[in-house]
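The structure appears right after this line, and notes come after that.
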Protein chains: 2
Amino acid sequence: MQLDKLVHFHKALGDPTRIRIVTLLKQGPLHGQAIANKLGLKPPTITHHVAKLRDIGLVYQRRDRNTIYFYLDHKKLEFNANAILKIGEETKVTQEMKVEEKDKLSIIKNFFDADGTLKQIPSQQKKKLVALAYMIRQLEPGKTYNEKEINEYIKQYHGDFATIRREWVMHHFMYRENGQYELNPKEMWPVIF
Amino acid sequence: MQLDKLVHFHKALGDPTRIRIVTLLKQGPLHGQAIANKLGLKPPTITHHVAKLRDIGLVYQRRDRNTIYFYLDHKKLEFNANAILKIGEETKVTQEMKVEEKDKLSIIKNFFDADGTLKQIPSQQKKKLVALAYMIRQLEPGKTYNEKEINEYIKQYHGDFATIRREWVMHHFMYRENGQYELNPKEMWPVIF
DNA sequence: TATCTAATTAGATGATTATCAAATTAGGTG
DNA sequence: CACCTAATTTGATAATCATCTAATTAGATA
């Protein structure tokens, strides 16, 4: 159930230290000791809190030499903050676009060649979304790609990478931020493969 | 500042029972025992949880004969859910107001007497913020002060402690929480001295 | 290799909290 | 008034959790 995710998200923000960490990271990445100093706490305490924020996907990290920088995932924050407003209604939305598993498979079979390439982009909305979800499945959540990488990836399926890339963004499979592309959480997808 | 309010809001939603109550009330008002039945809990437990939701203003109630109906305040839910996205926003704006060190010194020289008292509160925004940052520098981070202590402290600089105290809070140098004052982390300050 | 730095883990402590049974209260209605 | 119903308070219990110190790990550097 998605209830649990909502609970964990709000529980994570239900603590003054973690709210302050989020506030700090909003302005840019920081490493652990910097956070500890700014908040007047010890490093183990920061590890403890950052772990909780990472568990719910709100924070990710990148290493630079000995130092680990923590980043805030703004999109995820926004998405989760709004989730409580949509609870109970999202059932309707996803229900309308629910596609049976066997239908998904037959769509794939019809529109993809034996070698895995896309014969043509389906014009019917539902089928198009299934094809888009299928093709995006090998991109990694949390990883950022530049436009060239995305194009190369798409080419294994179809030559018109511009259209497919645009459709992915348009239907919230991914988002673009100053030239970088990244997967959205699957809950935002109109269809999951 | 609204940190505490934010924390209480998210803490209130950081519990599966309360999320379920909110979900139920989204569809319309209910009385206590109805909620208890739907959730398989005892009435005292519902009282306990509804009290927390009422404390943060998310739920209000109306009596009809012997029965008390609980209502969800949709507006407040939406406002509070979005608050986390807006926290620190003003800081970002004022962050652009970078002041050179030498300018800071000349501002201090111009507005403070030889004995250290503030001649007058600068009306120009930038200069005012520098003066405010200068005067607050001896307060201890993490320590809480009551209003009287703050007033006494300000008096060493200027007689109009009410204005200066209000400006400090307004510009996020410090925040007030039930009569107690405390420094904000310097990252929230529009100017650091 | 030894050494340095930043982060994490382990374990302890004190505080908070979700839940319930029992008793009590607040407001009706006969 | 006596009685009824729904909600609340009280007090107890078990679980969760924020924070710290001390010890350990992961990776980089010399």
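Chain naming here is simple, since letters A, B, ... match the order of the sequence lines and numbering starts at 1 in each.
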- Task: List in chain and number order the residues that pass ring-ring contact (aromatic ring centres under 6.0 Å, His included) with A/His158, two or more places apart in sequence or in another chain; answer none if no residue qualifies.
- Result: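 For A/His158, no residue satisfies ring-ring contact (aromatic ring centres under 6.0 Å, His included) once neighbours in sequence are set aside.
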
- Message: The criterion is ring-ring contact (aromatic ring centres under 6.0 Å, His included); which residues satisfy it with A/Tyr71, sequence neighbours excluded?
- Response: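 ring-ring contact (aromatic ring centres under 6.0 Å, His included) list for A/Tyr71, sorted by chain: A/Tyr60.
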
- Polar contact flag, side-chain donor to acceptor under 3.5 angstrom, A/Asp103-A/Ser106: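 Looking only at side-chain atoms, A/Ser106 and A/Asp103 do not form any donor-acceptor pair under 3.5 Å.
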
- Would you call A/Lys75 and A/Glu78 a salt bridge, taking side-chain N to carboxylate O under 4.0 Å as the test? no

- Member of A/Val50, A/Leu53, A/Leu25, A/Asp73 meeting the side-chain contact (heavy atoms from CB on, under 4.5 Å) criterion with A/Leu58: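 Going through the options one by one, the only one that passes is A/Leu53.
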
- May I ask you to decide if B/Thr17's main-chain N or O and B/Asp15's side chain share a donor-acceptor pair within less than 3.5 Å?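 Between the backbone of B/Thr17 and the side chain of B/Asp15 there is a qualifying donor-acceptor contact (under 3.5 Å).
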
- Item | Path from B/Ile192 to B/Trp168 over hydrophobic side-chain contacts below 4.5 Å | yes

- Query: Mind checking what makes side-chain hydrogen bond (donor to acceptor under 3.5 Å, both in side chains) contact with A/His49, not counting sequence neighbours?
  - Reply: A/Arg18

- Query: Which ones in residues 23-51 of chain B lie close to DNA chain C, meaning a heavy atom under 4.0 Å from one of its atoms?
  - Reply: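 Those residues whose heavy atoms fall under 4.0 Å from DNA chain C, taken from residues 23-51 of chain B in numerical order, are B/Leu41, B/Lys42, B/Pro44, B/Thr45, B/His48, B/His49.
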
Mind listing the N/O atom pairs, protein and nucleotides 27-30 of chain D, below 3.5 Å?
unit_1, atom_1, unit_2, atom_2, d
D/dG27, O4', A/Arg63, NH2, 3.3
D/dG27, N2, A/Asn66, ND2, 3.2
D/dG27, N3, A/Asn66, OD1, 3.4
D/dT29, OP1, A/Arg65, NH1, 2.4

- Task: Taking the six-membered ring for Trp and the full ring for Phe, Tyr or His, determine whether the centres of A/Phe112 and A/Tyr134 are under 6.0 Å apart.
- Result: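 Between A/Phe112 and A/Tyr134, the centre distance is under 6.0 Å.
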
- Message: Below 4.0 Å from chain B heavy atoms, what is the first contacting nucleotide of DNA chain C and what is the last?
- Response: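 First-to-last contact on DNA chain C, by the 4.0 Å heavy-atom rule, is C/dT17 to C/dT29.
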
- Query: Going through the distances and angles, do A/Glu147 and A/Tyr181 end up as a side chain to side chain donor-acceptor pair (under 3.5 Å)?
  - Reply: CA-CA 7 Å; A/Glu147 188 156 313; A/Tyr181 292 81; 3.0 Å; yes

